[in-house]
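Source: prediction; values computed, not measured. Note that the numbering runs from 1 along the sequence shown for the chain.
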Amino acid sequence: MHYSLILEGEELWLLADKAIYWPARRCLLIADAHFGKASAYRSLGQPVPQGTTAANLERLDRLLSAYACDQMIFLGDFLHGPGSHASGTLGALRAWRERHSGLVMTLIRGNHDKRAGDPPADLRIEVVPEPLLMGPFALQHEPHAHRSHHVLAGHVHPVYRLRGKGRQSLRLPCYQIGTQISLLPAFGAFTGGYAVEQGNDRRIFVIGDHDVWPIA
């Protein structure tokens, strides 16, 4: 349940669970997890559902069970905001980290990380500025072109609108693969989306029915 493509000479798997697996590096790339977003909203008095952090961590557990992985890289926005430091959110993250104590984790600091602050030190997540250069790729949060490397980024939360008959349409999370910049969908379950379009310089791969589908 993934779509395999060759980008800059490297095989990447676009996963239906809104992450990229890089087999040669045994690495998972995750964009815009926004852990603690619901708790941050609740701290402001907004009536939003509970359990989003647990659900996102369960999805990460499934990915780590399914794919041989030595490293996980978060492309920014690990925590949503200052309210994400709630004890329940951090407790769940600490328990999850303990289950994967041997995994190397890196966070490329995004705009929400600057507001939320870095993850607590006991989560053992190395925090670095963008870009993080790996092979032919510049791993970033912001989708700004790099002078020498193909950019893999988050931040935008791309979605694509599938249009049916009449007024029927469906917005689906997607990958946008460009000639210089490619976008990952937001991993977090409690996130919005920005509509993107197919073009001569970019391809769209939508996520639906537990699979990844290229838009012709």
- prompt: Of all heavy-atom pairs between Glu130 and Leu139, which one has the smallest distance, and what is that distance?
  reply: CB-O, 4.3 Å
message: Tell me the closest heavy-atom pair linking Pro185 and Pro158, and the distance in Å.
response: CA-CD, 3.9 Å
query: What heavy-atom pair brings Leu184 and Ala31 nearest, and what distance separates the two atoms?
result: CB-CB, 3.9 Å
task: Could you tell me the separation between the CG atom of Leu90 and the CG atom of Leu123, rounded to the nearest 0.5 Å?
output: 7.0 Å
message: Grouping I, L, V, M, F, W and Y whenever their side-chain heavy atoms are under 4.5 Å apart, do Tyr160 and Tyr194 come out in a common cluster?
response: yes
- prompt: Restricting to pairs with a member in residues 90-103, which pass salt bridge (charged side-chain N to carboxylate O under 4.0 Å, His left out), not counting sequence neighbours?
  reply: Asp61-Arg99, Arg94-Asp122
Side-chain donor/acceptor pairs under 3.5 Å, residues 200-216, sequence neighbours excluded:
| residue | atom | partner | partner atom | Å |
| --- | --- | --- | --- | --- |
| Arg202 | NE | Glu197 | O | 2.9 |
| Trp213 | NE1 | Gly208 | O | 3.0 |

task: Side-chain contact test, heavy atoms from C-beta onward, threshold under 4.5 Å: evaluate it for Gln71 versus Met134 and give yes or no.
output: yes
- request: Find out whether Gln140 and Pro131 are in side-chain contact, i.e. whether some heavy atom of one side chain is under 4.5 Å from a heavy atom of the other.
  value: yes
- request: Measure from the side-chain N and O atoms of Glu58 to the backbone N and O of Arg62, and report whether any donor-acceptor pair falls under 3.5 Å.
  value: no
- prompt: Hey, are the side chains of Ile177 and Leu5 touching, using non-hydrogen atoms and a 4.5 Å cut-off?
  reply: yes
statement: Sequence neighbours excluded, the answer for ring pair (Phe, Tyr, Trp, His ring centres under 6.0 Å) partners of His100 is Trp96
field: Sub-4.5 Å side-chain heavy-atom contact between Val156 and Pro143
entry: yes
query: Can you find a heavy atom in the side chain of Leu152 that is under 4.5 Å from one in the side chain of Leu183?
result: no
query: What pairs of residues pass the salt bridge (charged side-chain N to carboxylate O under 4.0 Å, His left out) test when at least one of them lies in residues 139-162, not counting sequence neighbours?
result: none
field: Heavy-atom check, side chain of Leu7 versus side chain of Ser182, under 4.5 Å
entry: yes
- prompt: Looking at Ala138 and Leu133, what are the two nearest heavy atoms and their distance?
  reply: CB-CD2, 3.7 Å
task: Verify the neighbour count for atom CD of Glu8: are there more than 12 heavy atoms of other residues, nucleotides or ligands below 6.0 Å?
output: yes
field: All side-chain hydrogen bond (donor to acceptor under 3.5 Å, both in side chains) counterparts of Thr179, not counting sequence neighbours
entry: none
query: Got Leu64 and Met72 here, is their nearest side-chain heavy-atom distance under 4.5 Å?
result: yes
- request: Identify the heavy atoms of Phe187 and Leu60 that sit nearest to each other, and give their distance.
  value: CZ-CD2, 3.5 Å
Pairs of donor and acceptor atoms involving the side chains of residues 102-113, under 3.5 Å and at least two apart or interchain, shall be tabulated with distances.
| residue | atom | partner | partner atom | Å |
| --- | --- | --- | --- | --- |
| Arg109 | NE | Asp118 | OD1 | 3.1 |
| Arg109 | NH2 | Asp118 | OD1 | 3.4 |
| Arg109 | NH2 | Asp118 | OD2 | 3.0 |
| Asn111 | OD1 | His141 | NE2 | 2.7 |
| Asn111 | OD1 | His155 | ND1 | 3.3 |
| His112 | ND1 | His80 | O | 2.7 |
| His112 | ND1 | Arg115 | NH2 | 3.3 |
| Asp113 | OD1 | Phe78 | N | 2.9 |
| Asp113 | OD2 | Asp77 | N | 2.5 |
| Asp113 | OD2 | Gly110 | N | 2.8 |

field: Same apolar cluster (I L V M F W Y, side chains within < 4.5 Å links), Val196/Val159
entry: no
query: Any idea which heavy atoms bring Leu79 and Pro119 closest together, and the distance?
result: CD1-CA, 4.3 Å
message: Counting C-beta onward and ignoring hydrogens, is there a side-chain heavy-atom pair between Leu14 and His2 closer than 4.5 Å?
response: no
Quick one: side chains of residues 18-30, donor-acceptor pairs under 3.5 Å with protein atoms, not counting sequence neighbours, listed by atom name and distance.
| residue | atom | partner | partner atom | Å |
| --- | --- | --- | --- | --- |
| Lys18 | NZ | Ala186 | O | 3.3 |
| Tyr21 | OH | Ala68 | O | 2.5 |
| Trp22 | NE1 | Glu10 | OE1 | 2.9 |
| Arg26 | NE | Asp70 | OD1 | 3.4 |
| Arg26 | NE | Asp70 | OD2 | 2.8 |
| Arg26 | NH2 | Asp70 | OD1 | 3.4 |

statement: Between the NE2 atom in His149 and the CZ atom in Phe137, the distance rounded to the nearest 0.5 Å is 10.0 Å
message: Checking Arg59 now: which residues fulfil salt bridge (Lys or Arg N to Asp or Glu O under 4.0 Å) with it, not counting sequence neighbours?
response: Asp17
